[in-house]
Amino acid sequence: MAKKKKEFEIRWKTDLPYKYSMGKLSVKFFKVLKEERKFFGSKCPQCGKVNFPPRAVCAECIIEMTVDDMVEVPSVGTLVGFTVVNYPFVDPQTGGMRPFPYGYGLFQLDGVDTYTMHFINEKDVNKMKIGQRVRAVFKDEMEGNLGDIPYFDIIKEE
Ligand SMILES: [Zn+2]
(Lines give C-alpha, C1' and ligand atoms only; values in the text may rest on other atoms or scores of the structure.)
Protein backbone atom coordinates (compact mmCIF):
# COMPACT_ATOMS: atom_id res chain seq x y z
CA MET A 1 0.00 0.00 0.00
CA ALA A 2 1.39 3.35 -1.07
CA LYS A 3 2.13 5.82 1.65
CA LYS A 4 -0.31 8.75 1.53
CA LYS A 5 1.45 11.95 0.65
CA LYS A 6 0.80 14.78 3.07
CA GLU A 7 -0.42 17.88 1.30
CA PHE A 8 0.96 21.30 2.04
CA GLU A 9 -1.53 24.13 1.97
CA ILE A 10 -1.44 27.85 2.57
CA ARG A 11 -4.68 29.82 2.80
CA TRP A 12 -5.09 33.56 2.53
CA LYS A 13 -7.47 36.12 1.15
CA THR A 14 -6.43 38.72 -1.38
CA ASP A 15 -8.18 41.95 -2.27
CA LEU A 16 -8.40 42.61 -5.98
CA PRO A 17 -9.86 46.09 -6.31
CA TYR A 18 -10.49 47.21 -9.86
CA LYS A 19 -12.56 49.62 -11.85
CA TYR A 20 -14.40 48.50 -14.94
CA SER A 21 -15.07 51.13 -17.57
CA MET A 22 -18.41 50.25 -19.17
CA GLY A 23 -18.14 52.63 -22.11
CA LYS A 24 -20.81 55.02 -23.34
CA LEU A 25 -23.02 52.39 -24.99
CA SER A 26 -23.25 50.24 -21.88
CA VAL A 27 -23.94 53.31 -19.73
CA LYS A 28 -26.91 54.17 -21.95
CA PHE A 29 -28.00 50.52 -22.06
CA PHE A 30 -28.21 50.26 -18.26
CA LYS A 31 -29.67 53.78 -17.81
CA VAL A 32 -32.55 53.07 -20.21
CA LEU A 33 -33.00 49.58 -18.76
CA LYS A 34 -33.37 51.01 -15.27
CA GLU A 35 -35.46 54.07 -16.07
CA GLU A 36 -37.67 52.82 -18.91
CA ARG A 37 -37.47 48.99 -18.71
CA LYS A 38 -36.41 48.92 -22.34
CA PHE A 39 -33.63 47.21 -24.25
CA PHE A 40 -31.32 49.09 -26.56
CA GLY A 41 -28.90 47.53 -29.02
CA SER A 42 -26.47 49.11 -31.45
CA LYS A 43 -27.18 49.27 -35.19
CA CYS A 44 -24.21 49.42 -37.53
CA PRO A 45 -24.49 52.54 -39.75
CA GLN A 46 -22.76 50.65 -42.58
CA CYS A 47 -24.29 47.14 -42.77
CA GLY A 48 -27.40 47.77 -40.67
CA LYS A 49 -26.92 44.76 -38.40
CA VAL A 50 -28.37 45.18 -34.92
CA ASN A 51 -26.30 43.94 -32.00
CA PHE A 52 -27.74 43.04 -28.62
CA PRO A 53 -26.35 43.72 -26.13
CA PRO A 54 -24.93 46.83 -27.83
CA ARG A 55 -21.41 46.55 -29.17
CA ALA A 56 -19.08 49.47 -29.66
CA VAL A 57 -17.62 47.97 -32.85
CA CYS A 58 -19.44 46.10 -35.62
CA ALA A 59 -17.90 42.65 -35.91
CA GLU A 60 -18.61 42.57 -39.66
CA CYS A 61 -17.44 46.04 -40.74
CA ILE A 62 -14.97 46.73 -37.91
CA ILE A 63 -16.25 50.26 -37.55
CA GLU A 64 -17.00 52.06 -34.33
CA MET A 65 -20.56 52.71 -33.26
CA THR A 66 -21.71 55.49 -30.96
CA VAL A 67 -24.64 56.19 -28.68
CA ASP A 68 -26.35 57.74 -31.72
CA ASP A 69 -26.34 54.29 -33.34
CA MET A 70 -28.34 52.75 -30.50
CA VAL A 71 -31.86 51.57 -31.29
CA GLU A 72 -34.63 50.16 -29.13
CA VAL A 73 -35.12 46.43 -29.46
CA PRO A 74 -38.01 44.36 -28.10
CA SER A 75 -37.63 42.28 -24.96
CA VAL A 76 -39.10 39.24 -26.71
CA GLY A 77 -37.35 36.77 -28.95
CA THR A 78 -36.88 33.15 -30.00
CA LEU A 79 -35.00 30.38 -28.21
CA VAL A 80 -32.22 28.96 -30.41
CA GLY A 81 -30.39 26.85 -27.81
CA PHE A 82 -30.68 25.86 -24.17
CA THR A 83 -29.43 23.73 -21.33
CA VAL A 84 -30.34 22.94 -17.77
CA VAL A 85 -27.44 23.34 -15.38
CA ASN A 86 -27.32 20.58 -12.76
CA TYR A 87 -24.00 21.48 -11.24
CA PRO A 88 -23.12 23.92 -8.43
CA PHE A 89 -21.72 27.12 -9.76
CA VAL A 90 -20.55 30.41 -8.26
CA ASP A 91 -22.96 33.16 -9.26
CA PRO A 92 -20.83 36.12 -10.40
CA GLN A 93 -23.64 38.50 -9.45
CA THR A 94 -23.71 37.41 -5.81
CA GLY A 95 -20.43 35.60 -5.20
CA GLY A 96 -22.45 32.76 -3.62
CA MET A 97 -23.38 29.38 -4.99
CA ARG A 98 -26.24 29.62 -7.41
CA PRO A 99 -29.16 27.31 -6.57
CA PHE A 100 -29.49 24.57 -9.16
CA PRO A 101 -30.87 23.17 -11.37
CA TYR A 102 -31.62 26.18 -13.54
CA GLY A 103 -32.28 26.82 -17.21
CA TYR A 104 -29.96 28.76 -19.44
CA GLY A 105 -30.79 29.80 -22.96
CA LEU A 106 -29.37 31.22 -26.14
CA PHE A 107 -31.91 33.35 -27.94
CA GLN A 108 -32.34 35.99 -30.60
CA LEU A 109 -34.47 39.02 -29.83
CA ASP A 110 -36.86 40.12 -32.57
CA GLY A 111 -35.16 42.38 -35.09
CA VAL A 112 -31.69 41.64 -33.70
CA ASP A 113 -28.92 39.95 -35.70
CA THR A 114 -26.88 38.60 -32.77
CA TYR A 115 -27.56 36.05 -30.07
CA THR A 116 -27.85 36.58 -26.33
CA MET A 117 -27.48 34.17 -23.42
CA HIS A 118 -29.37 34.47 -20.17
CA PHE A 119 -31.26 32.49 -17.55
CA ILE A 120 -34.52 30.84 -18.56
CA ASN A 121 -37.30 30.31 -16.03
CA GLU A 122 -37.59 26.58 -16.77
CA LYS A 123 -35.74 23.70 -15.09
CA ASP A 124 -37.25 20.85 -17.08
CA VAL A 125 -35.31 20.32 -20.30
CA ASN A 126 -38.27 18.37 -21.70
CA LYS A 127 -40.38 21.52 -21.60
CA MET A 128 -37.87 23.54 -23.64
CA LYS A 129 -37.52 23.43 -27.40
CA ILE A 130 -35.86 25.39 -30.16
CA GLY A 131 -38.15 28.02 -31.60
CA GLN A 132 -40.08 28.76 -28.39
CA ARG A 133 -40.86 32.40 -27.83
CA VAL A 134 -39.28 34.02 -24.76
CA ARG A 135 -39.86 37.28 -22.92
CA ALA A 136 -37.60 39.17 -20.52
CA VAL A 137 -38.84 39.48 -16.95
CA PHE A 138 -37.80 42.61 -15.06
CA LYS A 139 -37.41 43.07 -11.32
CA ASP A 140 -39.85 45.35 -9.51
CA GLU A 141 -37.08 47.64 -8.27
CA MET A 142 -34.65 48.28 -11.10
CA GLU A 143 -31.01 49.01 -10.22
CA GLY A 144 -29.40 49.44 -13.63
CA ASN A 145 -27.50 46.16 -13.81
CA LEU A 146 -27.94 42.66 -15.25
CA GLY A 147 -29.73 41.58 -12.07
CA ASP A 148 -32.66 43.70 -13.28
CA ILE A 149 -33.41 40.82 -15.67
CA PRO A 150 -33.52 37.75 -13.42
CA TYR A 151 -34.57 35.50 -16.29
CA PHE A 152 -36.53 35.10 -19.51
CA ASP A 153 -39.90 33.38 -19.43
CA ILE A 154 -40.99 30.93 -22.10
CA ILE A 155 -44.18 32.36 -23.58
CA LYS A 156 -46.82 29.67 -23.31
CA GLU A 157 -48.67 28.98 -26.53
CA GLU A 158 -52.45 29.40 -26.30
ZN1 LIG B 1 -21.50 46.60 -39.86
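All residue numbers refer to positions in the sequence shown, counting from 1.
From F40, atom CZ reaches atom NZ of K38 across 6.5 Å, with rounding to the nearest 0.5 Å. Considering CG of D113 and SG of C44, their distance stands at 10.0 Å, rounded to 0.5 Å. We find the CZ-OG1 distance between F52 and T114 to be 8.5 Å, quoted to the nearest 0.5 Å.
With sequence neighbours left out, T83 forms a side-chain hydrogen bond (donor to acceptor under 3.5 Å, both in side chains) with no residue at all. A search for side chain to side chain contact (heavy atoms under 4.5 Å, CB included) contacts involving L16 returns T14, not counting sequence neighbours. Qualifying side chain to side chain contact (heavy atoms under 4.5 Å, CB included) partners for N86, counting only residues two or more places apart in sequence or in other chains: V84, P101. Evaluation of the side chain to side chain contact (heavy atoms under 4.5 Å, CB included) rule for Q132 yields L79, M128, K129, I154 as partners, not counting sequence neighbours.
V80 and F119 end up in the same hydrophobic cluster when Ile, Leu, Val, Met, Phe, Trp and Tyr side chains are linked at under 4.5 Å. A single hydrophobic cluster is seen to contain both F29 and V27, as judged by linkage of ILVMFWY side chains at heavy-atom distances under 4.5 Å, directly or through other members. Each of V112 and L106 belongs to its own hydrophobic cluster when Ile, Leu, Val, Met, Phe, Trp and Tyr are linked at side-chain heavy-atom distances under 4.5 angstrom. Using a 4.5 Å cut-off between side-chain heavy atoms of Ile, Leu, Val, Met, Phe, Trp and Tyr, with links allowed through other members, V85 and M117 fall into the same hydrophobic cluster.
Judged as a side-chain hydrogen bond (donor to acceptor under 3.5 Å, both in side chains), the pairs with a partner in residues 98-112 (not counting sequence neighbours) are, in order, D91-R98, D110-R133. Residue pairs meeting the ring pair (Phe, Tyr, Trp, His ring centres under 6.0 Å) criterion with at least one member in residues 68-96: none, sequence neighbours excluded. Residue pairs that meet the salt bridge (Lys or Arg N to Asp or Glu O under 4.0 Å) test with at least one member in residues 134-153, sequence neighbours left out, are K139-E143. Identified under the ring pair (Phe, Tyr, Trp, His ring centres under 6.0 Å) test for residues 123-154, with sequence neighbours left out: F39-F138, F107-F152, H118-F152. Applying the side-chain hydrogen bond (donor to acceptor under 3.5 Å, both in side chains) test to residues at least two apart or on different chains, the pairs with a partner in residues 16-33 are K31-E35. Within the structure, every pair that satisfies the side-chain hydrogen bond (donor to acceptor under 3.5 Å, both in side chains) test and touches residues 40-58, not counting sequence neighbours, is listed here: N51-R55.
Through chains of ILVMFWY side-chain contacts below 4.5 Å, M97 is grouped with V90.
For G105 against I120, the heavy-atom pair with the smallest separation is N-CG1, 3.4 Å.
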For residues 56-76, tabulate all N or O donor-acceptor pairs below 3.5 Å that involve a side-chain atom, not counting sequence neighbours.
residue	atom	partner	partner atom	Å
T66	OG1	D68	N	3.2
D69	OD2	T66	N	2.9

Should L33 and L146 be marked as a side-chain contact (heavy atoms from CB on, under 4.5 Å) after you check the CA-CA gap, both sets of side-chain angles, and the distance that decides it? CA-CA 9 Å; L33 175 66; L146 281 182; 5.8 Å; no
